[in-house]
Amino acid sequence: MGTRILTVEDDERIRTSVRLALEDEGWTVEEAESGEDALNAFTREPADVVLIDIMLPGIDGFDVCRSIRQASDVPIVMVTARADTHDVVAGLEAGADDYLTKPFAPKELSARIRALLRRARSVDPGSPQMVFGDLEIIPEEGVVRVAGEEAHLTKTEFRLLVELASNPGRVLSREVLLERVWGYGYFGDGRLVDVHVRRLRTKIEPDAANPRHVVTVRGLGYKLQS
Amino acid sequence: MRRVWGQLGLRARIMSLYAAGGLLLSLIIALSTLTLARQNLLEDREDRAFPVAIRNAARVEGALSGETEIEDVQTIFDLLNVTQRSVPVVRLGSESTSGSPQVFNEELIPPSLRAQVDAGNAARMRARINSTHMILTGIPIPDVDADYYEAALTDDVEDALDALGIIVLGVAAATTLLSAALGSWASRRALTPLADVRIAAESLAAGELDTRLDPPADADLASLTASFNGMARSLEDRIERDARFASEVSHELRSPLMTLSASVEVLQNGRDQMPDRSQTALDLLTADIQRFNLLVEDLLEISRYDVGTASLQAEPIDLVEFVRQSIRQLPHENVAVDVGDLEHLVIVGDKRRLALAITNLVDNAAKYGTGLTTVTLSEQDGDALLAVEDEGVGVPGAERTVIFDRFSRGSAGGRRGQGTGSGLGLALVAEHLGLHGGTILVEDRKDGKSGARFVARVPIGEIPEFEGELG
């Protein structure tokens, strides 16, 4: 039994063809044809990765994404109609880790999934504990504590934080973060970084509107400080 | 004449009509004024001259006797009531004498007057003698075989009439000019609403589909404005409907394309097990699904401009790095990038759109220009300038604008428009750059070699302090 991918898509032909292509890549695929279906399936047996089409009848993709995110930090990939719509930002805010636009090549999806799973697993063991004021990061255990209390980060948020923490006080550009956290090249979508930074702040900052730890450096990028 | 008239503009015609009317009217008034004035003045002078002449004739008759010599007549003149402006002449027997012979004497008497007087009648007439206007009165004095003539000079009246004539003609000329000016003003005023309509129509034609005319203050023009606005509205509706249709069709094509892309990938995974013929067919299918995909993407992209939902996702971009990266991700090897001594060239732009524009231009050059493609980035007059040169056949002058039209079809040069294979490539480049306030043009290579040179220009503008979009 390999890595299980739950694909949520209402169009049967797309669902079937994507399943065939993903199976060729070596994944185990479970299909859901509606939001309700997907939530039931996930509750029954959580998948390792979830692929959600935003345009779903009934419970829409954003809601499915939020519901799964409440219960799990599983990597979620959104499928949107267009890259330059607000759907992308809304999907990321609902908890998605990455997105693709339709029609995508299943090989590209596989590459994205591999990147998501790799970074979720690849924090070096034996990295020392890092402390930034009341912020405490233990990479080995995948644990972040704020004022002694554990913060629940998704794997992508955690990896983003560790990337910033590994370069304390240094400014990392959006391009660099895209490459190191998501595995994108120069033309990755900077909104991935922006939305994830915002999500991260709501979890580790006492006041997300006036961040103390993850600060924006105008025109350059982001940096972590104590 | 009719032809010339027809060629004149409405304004010129209205102006000419006003001028002609003004001229006619003022001439009529001038001529009648002059005629009436002359009539009145001369009649008045005649009416006054005649009784004076009769009285003077009576005095001459009284002074004359059988023995009077013609030389004595001069003394009689002294008795007469003559002014400087009248000249008495007396014929006595076969001789005559004049009060002022240079002005008037017996020989100058017109024969018709002479005949009347010889016939024994008193007579008067107007005459012009030696270019002097005068009223002549002739009275016979038959008892002593004499005649009395008197010339009352009227050249003062003529002078006054001449002066009056000049004034009246001057006024007529001024009136004519004034009428022309009035005509010009009136026609301009009448045509002002038309000028508004012209401006609005031009703006519509330029693509400002929400152009409307303001409701006019003049009720006469309300129907014109209403029809124009109605036309503009239906035009706008129709164009938007067409644009939305293209957008919706492209959108609907995404689902089947998704199935096709995924299915063809599955087939490609099993390509090695297929017979040769099937492999060839599969490759054709794969290539065309890819092309179909690009076409739908480009159609969607361009229909966003038509529907008006294209918006700039602007962020600061260092073009030096950006151009290098854009070209690095392309499969072409024969592309040289020259940034001169620029280290950074930062503009505010939409990464995705600019990358599409750059890759389209380079793709296009690689496809149609055999040999090396040169990409040059420079800064000029506050603009960022990207020149893409190739070693192909170039683009003929006549096709240099057409090439940026959608689905343009032309000669080898003109077919460049199908840069991405969709026929929309260069049209999209123009739209993307336009959204940045920039332009694209094609010209001959600067170094005189065969080949095309595409020049994209984007204003650098002000770089705002940038804060991450949501950061």
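Labels below follow one simple rule: chain letters A, B, ... track the order of the sequence lines, proteins then strands, and each chain is numbered from 1. Keep in mind that this is a model prediction, so the values were computed, not measured.
Of the inter-residue distances, the one linking B/R254 atom CZ with A/D11 atom CG reads 14.0 Å to the nearest 0.5 angstrom. Once rounded to the nearest 0.5 Å, the distance linking CZ of A/F104 with CG of B/L257 reads 12.5 Å. Atom CD of A/E108 and atom OG of B/S261 lie 12.5 Å apart (nearest 0.5 Å). To the nearest 0.5 Å, the span separating CZ on A/F187 from CD on B/Q329 amounts to 4.5 Å.
Other residues, nucleotides and ligands contribute over 12 non-hydrogen atoms within 6.0 Å of the CD atom of B/E240. Other residues, nucleotides and ligands contribute over 12 non-hydrogen atoms within 6.0 Å of the CZ atom of A/R66. A/R13 CZ: 12 or fewer foreign heavy atoms inside a 6.0 Å radius.
Both the backbone and the side chain of A/Y186 have a heavy atom closer than 4.5 Å to some heavy atom of chain B. Neither the backbone nor the side chain of A/E9 comes within less than 4.5 Å of any heavy atom of chain B. B/Q268 does not touch chain A: none of its heavy atoms, backbone or side chain, sits under 4.5 Å away.
In this structure, B/S263 and A/L20 have side chains that are not in contact, with every pair of non-hydrogen atoms separated by 4.5 Å or more. Residues B/V266 and A/S17 form no side-chain contact, since every pair of their non-hydrogen atoms from C-beta on lies 4.5 Å or further apart. In this structure the side chain of A/D53 never reaches within 4.5 angstrom of the side chain of B/M258, judged on heavy atoms.
No salt bridge links A/R191 with B/E315; every basic N to acidic carboxylate O contact stays at or beyond 4.0 Å.
Taking every heavy atom of both residues into account, A/K107 and B/N269 meet most closely at NZ-OD1, 3.1 Å. Heavy-atom minimum distance, B/E297 versus A/P103: OE2-CD, 4.2 Å.
Qualifying ring pair (Phe, Tyr, Trp, His ring centres under 6.0 Å) partners for B/F245, counting only residues two or more places apart in sequence or in other chains: none. A/F62 pairs by the ring pair (Phe, Tyr, Trp, His ring centres under 6.0 Å) definition with nothing, not counting sequence neighbours.
For the set A/P106, A/A21, A/A81, the count of heavy-atom pairs under 4.5 angstrom toward chain B peaks at A/P106. Interface remark: of the candidates B/L300, B/T259, B/N293, B/T259 forms the most heavy-atom pairs closer than 4.5 Å to chain A.
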